[in-house]
2 protein chains.
Amino acid sequence: MGLKEIAGELGLSLTTVSRALNGYPEVGIETRRRVLSAAERLNYRPNAVARRLATGRANAVGVVSPLSRRTLESPIVMDFLTGVSEKLAEDGLNLVFTQVQEGHEREGCESLIASGTVDGLILFSPLLEDERTASLAELDFPIVAHGRPLHGISVPSLSIDNYEAFRQAAGHLLARGHRRIGLLNGDERQSYAMDRLEGVKAALADAGEGELVLAAAGEMSFERGRDAVAQMLDRQGVGAVSKEVSGAEAPPTALLCSSILLALGAGRALRERGLEIPRDVSIIAHDDQVAALPPILAWPALTTTTSSIRAAGRRVAELLDARIRGEIAADHSEVWKADLVERESVRVLGR
Amino acid sequence: MGLKEIAGELGLSLTTVSRALNGYPEVGIETRRRVLSAAERLNYRPNAVARRLATGRANAVGVVSPLSRRTLESPIVMDFLTGVSEKLAEDGLNLVFTQVQEGHEREGCESLIASGTVDGLILFSPLLEDERTASLAELDFPIVAHGRPLHGISVPSLSIDNYEAFRQAAGHLLARGHRRIGLLNGDERQSYAMDRLEGVKAALADAGEGELVLAAAGEMSFERGRDAVAQMLDRQGVGAVSKEVSGAEAPPTALLCSSILLALGAGRALRERGLEIPRDVSIIAHDDQVAALPPILAWPALTTTTSSIRAAGRRVAELLDARIRGEIAADHSEVWKADLVERESVRVLGR
DNA sequence: CTGAAAGCGCTTACAG
DNA sequence: CTGAAAGCGCTTACAG
């Protein structure tokens, strides 16, 4: 069931059979018909490995994602991957998935590249924001990043406008009378989290009033959301929230959360202390539109800044495809706007 | 930076260089040293594609997972994948990930196999339980399944003892005075869900009392959990639950849920109607120990049957490795026991 | 202990 | 429109 068998069967050369199968124009119409039907009949499947070696094209792309940090965000990674693989499947490309220990991203990429098993690489968010992996951009290999690259790296990238999304979200709260705002952010060494922090600050500056009374950064897990809020409340006194004690030491009346999971954790800490959303504390969270974690998981349903991570995955795969074909430049970058979707977790404060 | 360069540099043959690099014993100690240091100096990376073609070994395994049904369970798939990829990374194997449209599992597997890019295949749960993919077992290709294969297929597999887990969970409820039990199950065409249903039935039979008053099967999402319980309550009247009206038409006092997400949805439906867990309804859910979805996501924390899907992923990868090397038989199967972990979602009913 | 040569299954100039 | 031949970068009998 190799090319050779077909050629033998038909009394043709390997060359002709190969060309007929690959749709080269110079093959006679009748010859092509015969080849195609023989291939069908013999259930011929080309050996991708041999083809790779001959053409130098792997027909596969790699996705590199750091292990430990990501695990807690697994639904997000998975939805991204689903988007990527949908698009790749349409184009007949394989997806080689590599999780690497944090800090070993560079090696992971290099060995994938050197092994010749991929034509291009997708970096999931934080990678390019790590100094150690910054040099990957100079590797002269097709790479597309999800996330805004730092350090002046020029890699094609797709990111969402985190700055604007969180500026708008904070503005939304300020317009509804909130003055003490908290931010439960992701790891602020990563651009998306940095941008969100800056966005919140910008909104406060624009408004000329209000302050950021809690700014926690780190892992975006349920536990951390709960712990951060619990700590704050226990330190400042639970009563402070509902009684709206003023002053710098008073807890926030509203929380911006970088993920649904973080918001769920925050909600738990509040509820454990008898506080209610949005009566006592309002919440806006960022929603990657992960099927497994809808904003209605929270009670009440969360107001969110929304952007589909799955659609982003699709688009990143498209961009990588284009990049491999040399159709887009190394500094191509796309920025998607996130939508503010109002639900039930924000209260208008009386004056 | 190929073998040829090193050979040229050192005045050795390709043969010797290749053998030195691959640790063959018949190479002179001094020769090996020189080759190794030259390889290091020239930053030699073997071309995996060429090696594949020459050896017939791909040094990669494929994971095939159906697309649509899985998306809602993405954290589970992802944690499984993480387990698999951890183990594969240790062994220097690549992971080729393929999501296929439901019903196209067979094609997905076949084309991966035919392409020669993988040495073995991992089937994620439901695959082998589909008649169309049953024939894969006869393909004479190393395959390991996660889940209990149906139809007398003999593929090495790892599964958890779903029957026993749910029998025990139902027994736990029966022992605490519950007589009307509901089951929110996954798709019962799949073995894990079938087994859970049977387990519950067995417990009821053992006890000689109690009945299954709600048995819903389908997608394991938050929405479906909520809708199934909402429908039931709205049909039978909310009051019926807390007042513990007896009779066949009365709603369950306890719910067994095949996933945390399902339990969260059920909890939502209850809360929306003013019912509380476990005061009005007790819940036990199955927990795959997915980092993103801990049982404390629910309020109160859920009592669960627990088994790590990530550890299962690791083990499945190990089994596939062994299978590829011919170390285990086609009918090798492992069954893991799930642990019943008590938390706060089960109430003892007064008599 | 080392090397010349064939081969893995394709693709693709090159020649006709 | 078709074919003979070289080549992709390795591995591995086989011979010495």
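Note: hydrogens, waters and symmetry copies are ignored here, and every other heavy atom, side chains too, is used. So you know, we letter chains A, B, ... as the sequences are listed, proteins then strands, and number each from 1.
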N-O pairing of B/E9 and B/K4 below 4.0 Å: no
Output all residues satisfying side-chain contact (heavy atoms from CB on, under 4.5 Å) with B/E107, sequence neighbours left out; order by chain, then residue number. B/H104
Test side-chain contact (heavy atoms from CB on, under 4.5 Å) applied to B/T15 - qualifying residues, sequence neighbours left out: B/S13, B/R19
Residues in side-chain contact (heavy atoms from CB on, under 4.5 Å) contact with B/E5, at least two apart in sequence or another chain: none
Taking Watson-Crick and G-U wobble contacts under 3.5 angstrom, with | marking pairs to another strand and [ ] crossing pairs, the secondary structure of DNA chain D is written |||.||||||||.|||
Can you find a side chain N or O atom of A/N47 that sits less than 4.0 Å from OP1 or OP2 on C/dC8? no
Could you tell me how far apart B/L3 (CG) and D/dT12 (P) are, to the nearest whole angstrom? 12 Å
Set of salt bridge (Lys or Arg N to Asp or Glu O under 4.0 Å) partners for A/D91, sequence neighbours left out: A/K87
Begin from the C-alpha positions of A/L88 and A/N94 and carry the test side chain to side chain contact (heavy atoms under 4.5 Å, CB included) through to its verdict. CA-CA 7 Å; A/L88 294 181; A/N94 275 153; over 6 Å; no
Taking only residues two or more places apart in sequence, or in another chain, which ones meet A/D288 in a side-chain contact (heavy atoms from CB on, under 4.5 Å)? A/I76, A/H286, A/V290, A/I309
Distances under 3.5 Å between protein N/O atoms and the N/O atoms of nucleotides 2-4 of chain D, please, pair by pair.
from, atom 1, to, atom 2, distance (Å)
D/dT2, OP1, A/T31, OG1, 2.5
D/dT2, OP2, A/G28, N, 2.9
D/dT2, OP2, A/T31, OG1, 3.3
D/dG3, OP2, A/S13, N, 3.2
D/dG3, OP2, A/S13, OG, 3.2
D/dG3, OP2, A/T16, OG1, 2.9
D/dG3, N7, A/R19, NH2, 2.8
D/dG3, O6, A/R19, NH1, 3.1
D/dG3, O6, A/R19, NH2, 2.8
D/dA4, N7, A/T15, OG1, 3.4
D/dA4, N6, A/T15, OG1, 2.6

Please state how far atom CG in A/L14 lies from atom P in D/dC1, giving the value in whole angstrom units. 21 Å
How far does the P atom of C/dC1 sit from the matching atom of C/dA5, given to the nearest Å? 24 Å
Nearest-angstrom distance, C1' atom, D/dT12 to D/dG16: 16 Å
Within this structure, what is the CD1-to-C1' distance between A/I6 and C/dC10, rounded to whole angstrom? 12 Å
Can you tell me if B/Q99 and A/S85 form a side-chain donor-acceptor pair at under 3.5 Å? yes
Distance check needed: D/dC1 P versus A/E30 CD, whole Å only. 13 Å
Would one find a side-chain N or O of A/Y44 under 4.0 angstrom from OP1 or OP2 of C/dC10? yes
note: A/L21, atom CG; C/dG9, atom P; distance rounded to Å ~ 16 Å
Partner residues of A/E26 under the salt bridge (Lys or Arg N to Asp or Glu O under 4.0 Å) criterion, sequence neighbours left out: none
A/K4 NZ to D/dA5 P: how many Å, rounded? 15 Å
side-chain hydrogen bond (donor to acceptor under 3.5 Å, both in side chains) against A/D119, all qualifying residues, sequence neighbours excluded: A/R57
Toward the 5' end of DNA chain D, which comes first, B/Y24 or B/A50, by nearest nucleotide? B/A50
Please list, in numerical order, the residues of residues 54-61 of chain A that have a heavy atom closer than 4.0 Å to any atom of DNA chain D. A/A54
Could you say whether B/P25 or A/L53 is positioned toward the 5' end of DNA chain C, judged by the nucleotide with the nearest heavy atom to each? B/P25
Can you list every pair that meets ring-ring contact (aromatic ring centres under 6.0 Å, His included) and has a residue in residues 75-96 of chain A, with sequence neighbours left out? A/F80-A/F124, A/F80-A/H146
Donor-acceptor contacts under 3.5 Å from residues 315-324 of chain A side chains, at least two apart:
from, atom 1, to, atom 2, distance (Å)
A/R315, NE, A/E334, OE1, 3.0
A/R315, NE, A/E334, OE2, 3.3
A/R315, NH1, A/E318, OE1, 2.5
A/R315, NH2, A/E334, OE2, 2.5
A/D321, OD2, A/R325, NH1, 2.9
A/R323, NH1, A/I328, O, 2.9

